[in-house]
Trainee: 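Following this message is one structure expressed as structure tokens.
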Amino acid sequence: MAVKSETRRITAKDYRVDQPIDWCPGCGDFGILSALQQALARLGLEPHRVAIVGGIGCSGKSQYHIGAYGVHTLHGRLLPYATGIKLANPELTVVAVGGDGDGMAIGAGHFVNAGRRNVNMTYILFNNEVYGLTKGQASPTLPLGLQTKSLPEPNAQGRVNSLMLALSAGFTWIGRGYAFNVRQLVGLMQKAIEHPGLAYLDVLQPCPTYNNLHNKDWYAGKDRGDRPRVYALDDEDYDPVIAEGADEETVVAKMGQVIGKAMEWGDRIATGVFLENRNVSTFEERLGSRSPSYHKHAPALRPIADAEGRSLADLSDLFAQTSVTRKPGGEA
Amino acid sequence: MSSEQTDSLAWRVGGPQGSGVDTAARIFAGAAAAGGLHIFGRREYYSNIMGRHSYYDVRVAGRPMTCHSSVVHVLTTFEEETLVRHAISTGEGGAIIHDVESSDVRLDRITFLDERVVKDLTAYLGERDLPPTTAGVLEDARRRGVEVFPVAYDQITETLAGDILFKPRADRALNTIAVAVSCALLGYEPEYLADALKWIFGGRQEIIDLNVKAVELAYGYVKDEFDHGRLLHRMRPVHGTEPMILVGGNEAVAMGKMAAGLTFQTYYPISPATDESVYLEAHATVPLKNGGEGAIVVVQTEDELAAVTMATGAALTGARSATATAGPGLSLMVEGLGWAGMNEVPLVVTAYQRGSPSTGVPTRTEQGDLLFAIHAGHGEFPRLVLASGDVTEAFLDAAQAFNYAERYQTPVIHLLDQTIARTTQTVPPFDVGSIRIERGDVYVPPEGDDVRGPYPRFAVTESGVSTRPLLGQRGGTHWLTGAEHTEAGQVTEDPVIREQQLEKRARKLALAAREIPAEHKLAVYGEPQAAFTIVSWGSNKGAILEALERMSAAGIDARLIQVRLLWPFPREELAPILEAARPLVVVESNHSGQFAQLLCGQTARQCDHLVVKYNGRPMTCGELTRALLDIHRGTAEERIVLRNPYE
């Protein structure tokens, strides 16, 4: 959900930063960065109301090139940082950007548990199947048995299907884009950010330096007569929406549909919105139902002291509950 | 209150976990408090849900106390294991109350009694020509001048059930019956027990009525069977006591955080820290003095890595944010601590020490994490470490930690331990009015719409402190990163900027050392000019204070210097005070004397004696006084280990 600027038009220029970029030439990250700048601008978000939270790796450098609040966190921990920021100040738009090693290996536990909470924010996974910055080791999204060029032996570990993991963890918006289809990516990012809940956007992002197998040519299907492997769900009769109040049967059918599409790989790779589940409360709503004042004053914005610095907290009830001086009978 | 050695009464109750030992202790403490008495309670238990032995000490007196007693005056038991484990701690003139059914049970038939205890007790009894049975244990107690009171609990609950009540329901009043037998033997008026029952079972009239009836039956039983009892120890109400609250260490920390304006707390379940977060969660809507209410977001995370990083994320937005954990959790939090230090984030980490390393003795106490807390993390970054000495300090420090964190824009570790966490005591209501909330140097966005970042968040300043924009503020955009960075937070490996930023961060620690008043860094108790000097930190304070009283009664002047701010270490303040210290005694609850090492490293002053305890149980004034008297006499070794095999 987004707080839009009322005063002036925001353009992608507002999000650009005059800093040299040290990604390799031809890296898919450029497309993702450009798409994110455009998406934020199209949503009319003022840069100071946006926090981009990065993980560690090439993808985690993205926020240095976005003129918002940029938080470069620890390897795998971007989601807990992002969660803390969002829950403490729900008025902010929070977008987490990280790599597949970051999110599916060292941060996999956080990924799963973020899904359980459904905090209203967006997680964009830069998925290139390798650890680029450490020179091309296999990441958890590289299929079993493949041997990208830095690997001394074929990959001995299986591939995690991040879309299915997101589904079972409880992400309420699941999508996939392709780094070299920026136009589609901008739209997907806009939808992901606008979705009221936790959104997961898997972006297929060829690493030109270390992933010699799933490169730009492979996705474009150069090896099979220029028939691209990626296709858009929009071009098919695919409805990702689980409406509010949907019955059990519909939910099961829609989830099954996500699994079917998520399992496609090789010759047909789906992109687009896989799931938009409007039937699950956000964590913020759950907090608000526990303590309605959460919506009135978020943790970052709640007054805690008067002008002299005296505490505003009134603990007299708590002291009364533990008071033992009066005869406890009855009135305590 | 009367007793041969002390003006307080030490009451102990024990039993299998899940059998209501806590409730029994609460009823006893509630009854004592209803009569205006002060209370010092402590709980010992296993890492187990049901069945293992736990016990609760409740010490009562007409004045405040600061520690528990290793000598028990009244031991209340329902079953053999408690009887066997604690009879030996019951002193001359004391009393043991036990189930008549437990009168003759072989030690090796008691399920959870450790082999070591069976062996030691068997040998002990054998030396006295007594059999390795409860009968032998009880006979030994009688020979030592302890009164033994066998109680037919079953008969009392049978009467309580009468014709109308299902017997197992009456059995649930067993705790009350045992407490009531204690109170009757101590000559304490039953009406205070009735008050306590109303307080504890508030509103559930049927349960209150049943338990009040149980009290009547127990008092009648004591009158009939023991002719009202013949105990030396008596418990009498005190009138005109100032208002008191009965709180534990976890609650005190939670209340301190609430008073300080905590709005965000994370945790992963771990003993003995969890109760604090659960308390906060249960009181997550805080009434405010301006009539409104404020929410505290409490998040149970997937692990401690998430706990520390989520709390840090919240702190970036300006929320007063904290996480609470124990030693093993702090180990996991270290990477997040470094990030918070590098990014100058005001983060409060409440760290309860427990028996370690690894899983260690998870439900027992220790002060083994001092040097870890001071040094945790790769590389160098400033952090403050403070340690509370008692429940009231735990409240005040929990609040003050946020002021330090925000003033110096760096993590603050508030060290506590299992002893404080599991202490329940009567104290005057905490002084919320004394707390002043200081938010440090926070950016104020200028008027107007056109102001834009990036803002030099990490501007190099003389003090080391730079203005801190909160995420979301107009004109404050900047970058945060675990990498070395420029003033705006962009990554750099430039050697000059590296030096500048490292030095800037380090200057904040020097600033803290200069600014924080001496009275917040350390406290002196006893005779301020005495040569006999004890230096200590954390929960040992309680045992030391009472030991000082006993030494004073023996005509020995001594003083305690309690160090409350452990890092930056109060070198400048301590060094002059220690010049006249003869002998210099360091007291702490660990094996290697971590504080003594720190003191020596920081002041070049080696202690003359090191008194340590590391069996997982808190020090008592009795054992500590013995050690201190030995030191005074000149008969003590340099290193003294306090031991008690029956705790």
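Convention: sequence-line order gives letters A, B, ...; per-chain numbering from 1. These numbers were taken from a predicted model, which means no experiment stands behind them.
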Trainee: If we ignore hydrogens and angles and just use 3.5 Å, is the side chain of R436(B) paired with the main-chain N or O of G309(A) as donor and acceptor?
Mentor: no
Trainee: Non-hydrogen atoms of chain A under 4.5 Å away: do they reach the side chain of P454(B), the backbone, both or neither?
Mentor: neither
Trainee: Less than 4.5 Å to any heavy atom of chain B: does that hold for the side chain of R302(A), its backbone, both, or neither?
Mentor: side chain
Trainee: Which pair of heavy atoms, one from V286(B) and one from A313(A), lies closest together, and at what distance?
Mentor: CG1-CB, 3.9 Å
Trainee: Side chain, backbone, both or neither: which part of L312(A) has an atom under 4.5 Å from a heavy atom of chain B?
Mentor: both
Trainee: Name the option with the most non-hydrogen atom pairs under 4.5 Å to chain A; the candidates are L246(B), V247(B), L471(B).
Mentor: L471(B)
Trainee: If I measure from the heavy atoms of chain B, does A68(A) come under 4.5 Å with its side chain, its backbone, both, or neither?
Mentor: backbone
Trainee: For chain B, which of G70(A), A88(A), S311(A), A298(A) has the most heavy-atom pairs under 4.5 Å?
Mentor: G70(A)
Trainee: Quick one: what part of I66(A) sits under 4.5 Å from any heavy atom of chain B, side chain, backbone, both or neither?
Mentor: backbone
Trainee: How far does CG of L318(A) sit from NE2 of H283(B), to the nearest 0.5 angstrom?
Mentor: 5.0 Å
Trainee: Pick whichever of T266(B), D303(B), L288(B), I39(B) has the most heavy-atom pairs under 4.5 Å with chain A.
Mentor: L288(B)
Trainee: Using a 4.5 angstrom heavy-atom cutoff, name the option from G76(A), A82(A), G84(A), G107(A) with the most pairs to chain B.
Mentor: G84(A)
Trainee: Hey, could you give me the CD1/OG1 distance between I52(A) and T477(B), rounded to the nearest 0.5 Å?
Mentor: 11.5 Å
Trainee: Between A319(B), P469(B), A307(B), G489(B), which residue shows the highest count of heavy-atom pairs closer than 4.5 Å to chain A?
Mentor: A319(B)
Trainee: Do you know the tightest heavy-atom contact between L480(B) and Y64(A)?
Mentor: O-OH, 4.5 Å
Trainee: Quick one: does F319(A)'s side chain get under 4.5 Å of V432(B)'s, heavy atoms only?
Mentor: yes
Trainee: If you take all heavy atoms of I304(A) and A260(B), which pair is closest and at what distance?
Mentor: CD1-O, 3.7 Å
Trainee: Which bit of R117(A) is near chain B, if near means a heavy-atom gap under 4.5 Å: side chain, backbone, both or neither?
Mentor: side chain
Trainee: Side chains of Y294(A) and T285(B): donor-acceptor distance under 3.5 Å anywhere?
Mentor: no
Trainee: At a heavy-atom separation under 4.5 Å, does D14(A) approach chain B through its side chain, its backbone, both, or neither?
Mentor: both
Trainee: Non-hydrogen atoms of chain B under 4.5 Å away: do they reach the side chain of V17(A), the backbone, both or neither?
Mentor: side chain
Trainee: Let me see the working for W339(B) and R77(A) under side-chain contact (heavy atoms from CB on, under 4.5 Å), right down to the final yes or no.
Mentor: CA-CA 11 Å; W339(B) 195 92; R77(A) 319 284 170 233; over 6 Å; no
Trainee: Whether E46(A) and R474(B) form a salt bridge (side-chain N of Lys/Arg under 4.0 Å from carboxylate O of Asp/Glu) is what I want to check.
Mentor: yes
Trainee: Considering non-hydrogen atoms only, spot the tightest contact between V297(B) and P299(A) and give its length.
Mentor: CG2-CG, 3.6 Å
Trainee: Say whether Q473(B) and H48(A), considering side chains only, have a donor N or O and an acceptor N or O under 3.5 Å apart.
Mentor: no
Trainee: If I take atom CD1 from residue I85(A) and atom CE from residue M310(B), how far apart are they, to the nearest 0.5 angstrom?
Mentor: 11.0 Å
